[in-house]
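See below for the structure under consideration.
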Amino acid sequence: MQKTLYLDTARMGQMSPQALDASLDFARFAHEHGSTLYFSQFLQEGFSSWPVELQAQYPGLSNWDGVATFQRRLRQLAGANANSGVFVASRSTFLMQCAARLMTGPCRNVLITDCTWPAYARILREQCQLSRTQLSVCPLRKQILTEHFSVDDVIQTVTTNYLEQQCDGLFLPLIDNLGIRLPVERIFAEIRKQAELRFVVVDGAQALGQINPHLENEYCDFFIAGTHKWLRGYYPMGIGYSGHSGSATYIADSL
């Protein structure tokens, strides 16, 4: 039977050999040693902190260099500044719930577009109801797909909707689930010329690992993504970044 080529990046896909080695050796260590002091040492400081005997027994874990290095590499991946907060969760859905709570703190009217992933829109809508925050929607997808909107058209449409509906918060996908890439930096810059943006969240689930989101430009307050879109990574994990130095303390204290 002929094998089909797996190209659906919205699923976890086939695990890479390197990830397989790490997974097997981690499971073996957990079975043989449990959560000992060696595990805490390994988690915090990395593989090199182990005695030579343990390193020889579990070579598949040699790529782990500790939490600090892990966070630094995640910052490099997103182009984030060295002082950007990095938050990791077992699911990106949990980080979206956190993002919704962060938004509805300072914001009274949050704008989204119809390019928003439905599950994320539902989470934000439920949180807005709890906090009595208004949720406004900007139609955009049909115009992009059928009316051949230009980049400037997209910027103008989102900005006009934001101003007319008197919004003070914004949630946009950097790339939506149909592959539409929104000019988020230019949208935020245009809105900030004319109105206040109290809190901005970017959905980078389709972007991180595929393009550089350039978080060093500090164009958003919170950026959420996950590893489930990466080919051959296999294990899903949510990743969040505090993207703006002005709101970093608020985010860290809240989370």
Side-chain angles (χ1 to χ4, degrees), residues 9-13 15 19 22-23 26-27 30 35 39-40 42-44 46 61 63-107 110 112 116-128 130-131 169 171-177 199-213 215 220-244 247-255:
T9 57
R11 300 293 180 266
M12 290 185 287
M15 183 184 282
S23 179
F26 181 80
S35 184
F39 173 76
S40 298
F42 166 76
L43 185 65
Q44 291 295 328
L61 300 175
N63 284 326
W64 178 252
D65 293 324
V67 172
T69 300
F70 177 58
Q71 291 178 319
R72 176 174 56 80
R73 287 175 176 172
L74 287 177
R75 291 188 187 98
Q76 291 174 344
L77 177 71
N81 294 320
N83 58 352
S84 175
V86 178
F87 308 91
V88 178
S90 58
R91 297 175 63 214
S92 56
T93 298
F94 175 75
L95 286 175
M96 180 58 209
Q97 292 169 343
C98 294
R101 288 194 288 270
L102 288 168
M103 290 199 79
T104 55
C107 299
V110 175
I112 64 173
T116 303
W117 179 243
Y120 283 180
R122 183 173 62 252
I123 291 171
L124 184 55
R125 186 176 295 108
E126 291 172 352
Q127 181 60 38
C128 284
L130 288 173
S131 60
F171 176 70
L172 290 178
L174 181 50
I175 301 176
D176 81 347
N177 62 299
F199 203 85
V200 179
V201 176
V202 170
D203 170 16
Q206 304 281 354
L208 192 65
Q210 314 296 334
I211 64 170
N212 186 345
L215 293 185
C220 66
D221 295 287
F222 198 55
F223 184 95
I224 57 174
T227 62
H228 58 295
K229 302 295 181 182
W230 302 356
L231 284 171
R232 312 195 80 185
Y234 192 77
Y235 285 111
M237 180 176 65
I239 306 172
Y241 298 86
S242 56
H244 194 282
S247 54
T249 301
Y250 164 66
I251 292 171
D253 291 345
S254 299
L255 295 185

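The shortest non-hydrogen separation linking C220 to V202 is CB-CG2, 3.7 Å. Here the shortest heavy-atom pairing between G169 and C107 reads CA-SG, 3.6 Å. Across S84 and S242, no two heavy atoms sit closer than the pair OG-O, 2.7 Å. Among all heavy-atom pairs drawn from G204 and F223, the shortest one is CA-CZ, 3.5 Å.
From Q97, atom CD reaches atom CD of E126 across 8.5 Å, with rounding to the nearest 0.5 Å. Here the SG-CZ distance, from C128 to F171, works out to 11.0 Å after rounding to the nearest 0.5 Å. Within the model, atoms OG1 of T116 and CG of L124 stand 8.0 Å from one another, a figure rounded to the nearest 0.5 Å. Rounding to the nearest 0.5 angstrom, the gap separating the CD1 atom in I239 from the CD1 atom in I224 is 11.5 Å. Separation of atoms CG (L215) and CG (L174) is listed at 9.0 Å; rounding is to 0.5 Å.
Screening residues 63-74 for salt bridge (charged side-chain N to carboxylate O under 4.0 Å, His left out), with sequence neighbours left out, gives D65-R73.
Counted within 6.0 Å of CH2 on W64, heavy atoms from surrounding residues, nucleotides or ligands total more than 12; the atom is thus considered enclosed.
Listed by chain and number, the residues in a side chain to side chain contact (heavy atoms under 4.5 Å, CB included) with N212 are H214 (sequence neighbours excluded). Residues passing the side chain to side chain contact (heavy atoms under 4.5 Å, CB included) test with F26 are F39, L61, sequence neighbours excluded. Checked against side chain to side chain donor-acceptor pair (under 3.5 Å), N177 has the following partners two or more places apart in sequence or in another chain: R141. Residues passing the ring pair (Phe, Tyr, Trp, His ring centres under 6.0 Å) test with F94, sequence neighbours excluded: none. In terms of the side chain to side chain donor-acceptor pair (under 3.5 Å) criterion, residue partners of S131 (sequence neighbours excluded) are, by chain and number, T133. For the side chain to side chain donor-acceptor pair (under 3.5 Å) test, no residue two or more places apart in sequence or in another chain qualifies with T69. Under the side chain to side chain contact (heavy atoms under 4.5 Å, CB included) criterion, A19 pairs with M15, S16, not counting sequence neighbours. Residues passing the side chain to side chain contact (heavy atoms under 4.5 Å, CB included) test with N81 are N83, E216, E218, sequence neighbours excluded. Listed by chain and number, the residues in a side chain to side chain donor-acceptor pair (under 3.5 Å) with S92 are Y120 (sequence neighbours excluded).
With contacts defined as side-chain heavy-atom distances shorter than 4.5 Å, the pair F199/V110 does not qualify. At a threshold of 4.5 Å between non-hydrogen side-chain atoms, the residues V86 and F70 do not count as touching. Using a 4.5 Å cut-off on side-chain heavy atoms (C-beta onward), Q127 and R101 make contact.
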From CA spacing to verdict: side-chain contact (heavy atoms from CB on, under 4.5 Å), I211, I175: CA-CA 10 Å; I211 64 170; I175 301 176; 3.9 Å; yes

What side-chain donor-acceptor pairs closer than 3.5 Å can you find for residues 247-255, not counting sequence neighbours?
{"residue": "S247", "atom": "OG", "partner": "D221", "partner atom": "OD1", "Å": "2.6"}
{"residue": "S247", "atom": "OG", "partner": "H244", "partner atom": "O", "Å": "3.4"}
{"residue": "Y250", "atom": "OH", "partner": "L102", "partner atom": "O", "Å": "2.8"}
{"residue": "S254", "atom": "OG", "partner": "Y250", "partner atom": "O", "Å": "2.7"}

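Listed for the Y241 side chain is no donor-acceptor partner under 3.5 Å among the backbone atoms of A225.
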